[in-house]
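Here the structure is laid out as structure tokens; the discussion comes afterwards.
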Amino acid sequence: MASATCSRCGNLVRSRAEQVEVRVEYRSVSSLRRLRTWQVRMICRACAFDEWTLHDHPNGEPVADQGALW
């Protein structure tokens with residue numbers, strides 16, 4: 001397998017097990033209809049963990065009405 005670089009930190013990611021694919025689904029605000037646009041990028045597991053933590057605890061503490069990404 002060819003090695004890749006993390007799109008967040010730029011570190012070399014050598015194994016597929018260390019790669020995390022990020023997909024963002026865009027939705028229409030008025031109807032919440034899914035749009036066909038996806039943003040796809042590859043990041044390393046360390047950056048993925050940082051993004052999950054930031055999502056689940058945006059101000060350093062849990063948000064009651066926000067779902068977890070795990």
Side-chain angles (χ1 to χ4, degrees):
M1 180 198 122
S3 57
T5 57
C6 174
S7 66
R8 187 168 184 235
C9 68
N11 287 342
L12 187 63
V13 182
R14 295 185 188 275
S15 69
R16 188 172 297 273
E18 288 299 312
Q19 292 179 351
V20 177
E21 182 181 17
V22 178
R23 291 183 176 209
V24 179
E25 182 180 41
Y26 296 97
R27 292 186 177 263
S28 168
V29 175
S30 60
S31 66
L32 293 180
R33 186 184 64 212
R34 189 178 85 194
L35 303 175
R36 297 289 179 199
T37 306
W38 292 84
Q39 175 186 6
V40 179
R41 59 193 170 100
M42 299 299 280
I43 60 175
C44 65
R45 284 202 178 270
C47 287
F49 183 76
D50 289 343
E51 287 189 8
W52 295 333
T53 304
L54 181 64
H55 174 272
D56 294 342
H57 309 288
N59 298 317
E61 55 191 48
V63 177
D65 59 346
Q66 183 172 353
L69 289 178
W70 316 57

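Note that the coordinates shown come from a computational prediction; the quantities given were computed from them, not determined experimentally.
Atoms CG and SG, from Leu12 and Cys44 in turn, are 10.5 Å apart once rounded to the nearest 0.5 Å. Annotation: the span from Glu18 atom CD to Cys6 atom SG amounts to 11.0 Å, rounded to 0.5 Å.
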| request: Check the pair Asp50, Arg8 against side chain to side chain contact (heavy atoms under 4.5 Å, CB included), reporting the backbone distance first and the verdict last. | output: CA-CA 11 Å; Asp50 289 343; Arg8 187 168 184 235; 3.2 Å; yes
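Between Arg23 and Glu21, at least one side-chain N (NZ, or NE/NH1/NH2) sits under 4.0 Å from a carboxylate O, which counts as a salt bridge.
Nearest heavy-atom pair, Gln19 versus Ala4, reported as atom, atom and distance to 0.1 Å: NE2-CB, 3.5 Å.
Residues that satisfy the salt bridge (Lys or Arg N to Asp or Glu O under 4.0 Å) test with Arg41, not counting sequence neighbours, are Glu51.
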